[in-house]
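See structure below.
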Amino acid sequence: MSARMPQTPAAVTPRFRPVLDRFAPYQPGKRPPGGAGAAYKLSSNESPFGPLPSVAAVIAEAAAGVNRYPDHAARELTDAIAARFGVPPGHVAVGCGSVGLIQQLLEAVSDPGAEVLYAWRSFEAYPYLSDLAGARSVRVPLRDEGHDLGAMAAAITARTRLIFICTPNNPTGTIVPRADLERFLDQVPGDCLVALDEAYVQYVRDPAAADGLELYRERPNVAVLRTFSKAYGLAGLRVGFLIGHEAVAAAARKTMLTFTVNSIAMAAAIASLAAEAELLRRVDLVVAERERVRGELLRMGWTVPPSQANFVWLRLGSATPEFAAACDHAGLAIRSFGQEGARISIGEPAANDRFLEVAATYPRRA
Ligand SMILES: *Cc1c(COP(=O)(O)O)cnc(C)c1O
């Protein structure tokens with residue numbers, strides 16, 4: 001050791017921001033349990049279908065070009081999204097999944113003292129990404145498993161910089177009705193951004209549901225977050241997008257990590273838009289399974305909020321760990337939330353049947 005090296009006691013470790021001690025790292029959906037019998041992963045709301053042959057071919061082709069950096073401006077994908085949704089390319093920003101865009105927006109608004117408002121329970125990324133960005137989370141409890149927009153409006157302060165509305169809500173599956181959302185948006189100050197997180201929009205069949213793309217057009221402080229992870233089946237590739245007015249999209253582009261959307265993901269996303277009709281037929285199958293699963297659960301006596309997403313929610317309370325263990329024993333990985341409840345993704349019919357068997361024999365009904 002050189003004589004000039006500072007003498008540091010071995011017990012001293014690098015110093016990190018105290019915020020890191022306040023939250024647990026993101027918990028990815030559980031892998032299916034190993035052992036006998038087919039195991040199913042119903043813990044992350046993924047598509048049960050593998051990539052379409054047309055998309056798989058584009059992925060293989062794009063793989064041959066990975067010695068080059070991707071297009072940071074994502075021009076081709078941005079144009080494809082803009083054309084598909086009938087918006088100007090300047091209204092589009094991309095990110096590493098919509099989680100990436102959530103982080104980009106938080107980075108863009110979080111000056112010291114900034115507050116971020118969202119319903120709870122909702123998507124788990126909101127709390128920890130808000131903490132990391134240095135914003136203060138203000139959480140408004142769900143009412144009847146849905147957003148309590150009256151209470152959320154009352155929780156807005158002069159410091160509220162960003163509001164997340166997750167519809168359908170993860171993990172409860174409930175939607176925000178259009179009329180209610182419009183009334184809420186009318187009460188939000190123009191300098192406060194509202195992000196409508198529509199990760200599951202393709203699974204919505206309720207005609208009363210709000211459509212973010214309609215609402216954002218007249219409202220410069222409203223942005224829509226969408227993802228290729230769920231209905232389009234590209235969770236492993238990490239690409240999502242935002243549609244919002246010029247200033248919002250520009251802010252999201254500035255806070256994006258350089259080259260964050262890789263070239264394979266961009267090619268696959270463009271191919272998925274081209275194959276959308278085929279992908280949406282798969283979504284129809286999942287929706288039919290969702291209705292079957294919820295109908296069966298109701299028939300058994302379970303309480304299940306009406307889901308417009310590709311999962312169902314059981315508010316099991318203190319029975320949650322026991323129920324999750326019963327699923328685990330049957331070869332099903334589901335997503336349980338402490339002593340609160342469990343979210344079960346809609347998978348292939350055999351997986352759903354397996355889940356219904358567990359639900360039918362489980363002694364306690366939510
Ligand atoms: C799954 C999910 C996302 C998106 O995840 P990405 O894979 O990062 O696009 C965003 N919001 C909600 C509510 C989700 O459930």
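Just so you know, ligand 1 is whichever comes first in the structure, and atom 1 is the first atom listed for that ligand.
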Task: Closest approach of any protein heavy atom to atom 8 (O) of ligand 1, naming residue and atom - done: R238 NH2, 2.7 Å

Task: Distance-only N or O hit between ligand 1 and S98, under 3.5 Å - done: yes

Task: D180 bridged to R183 by N-O distance under 4.0 Å - done: yes

Task: Side-chain ion pair, R84 and D79, N-O less than 4.0 Å - done: no

Task: Per-residue contact class, F228 against ligand 1 - non-hydrogen pairs under 4.0 Å - done: neither

Open item on the list: For atom 15 (O) of ligand 1, tell me which residue out of F241, Y200, Y232 has the closest non-hydrogen atom.
Closed with: Y200

Task: Any C166 heavy atom less than 4.0 Å from ligand 1 - done: yes

Open item on the list: Which of the numbered atoms in ligand 1 are under 4.0 angstrom from any heavy atom belonging to G97?
Closed with: 6 (P), 8 (O), 9 (O)

Open item on the list: For R335, is there an ion pair with E124 - N to carboxylate O distance below 4.0 angstrom?
Closed with: yes

Open item on the list: Show the atoms of ligand 1 that are less than 4.0 angstrom away from any heavy atom in F123.
Closed with: 2 (C), 3 (C), 10 (C), 11 (N), 12 (C), 13 (C), 14 (C), 15 (O)

TODO: Answer with side chain, backbone, both or neither: which part of D197 has a heavy atom less than 4.0 angstrom from an atom of ligand 1?
DONE: side chain

Open item on the list: We want to know whether E276 and Y232 form a side-chain donor-acceptor pair, criterion being a heavy-atom distance below 3.5 angstrom.
Closed with: yes

Open item on the list: Looking at D186 and R219, is any side-chain nitrogen of the basic one under 4.0 Å from a carboxylate oxygen of the acidic one?
Closed with: yes

Task: Ring centre gap for F337 and W120 strictly below 6.0 Å - done: no

Open item on the list: Give the atom numbers and elements of ligand 1 that come within less than 4.0 Å of a heavy atom of A199.
Closed with: 2 (C), 3 (C), 10 (C), 11 (N), 12 (C), 14 (C)

- [ ] Quick one: look up the protein heavy atom nearest atom 3 (C) of ligand 1 and list residue, atom name and how far away it is.
- [x] K230 NZ, 3.4 Å

- [ ] Closest by any non-hydrogen atom to atom 9 (O) of ligand 1: pick that one out of N170, L225, L101, T227.
- [x] T227

Task: Proximity flag G240 to ligand 1, non-hydrogen atoms under 4.0 Å - done: no

Open item on the list: So that I can tick it off, tell me whether E46 and K41 are bridged by a salt bridge, with the cut-off set at under 4.0 angstrom between side-chain N and carboxylate O.
Closed with: yes

Task: Within-cut-off N or O pair, Y126 and ligand 1, under 3.5 Å - done: no

TODO: Would you please indicate if the ring centroids of H147 and F184 are separated by under 6.0 Å?
DONE: no

Open item on the list: Any nitrogen or oxygen of V99, side chain or backbone, less than 3.5 Å from one on ligand 1?
Closed with: yes

Task: Heavy atoms of other groups near R143 CZ, more than 12 under 6.0 Å - done: no

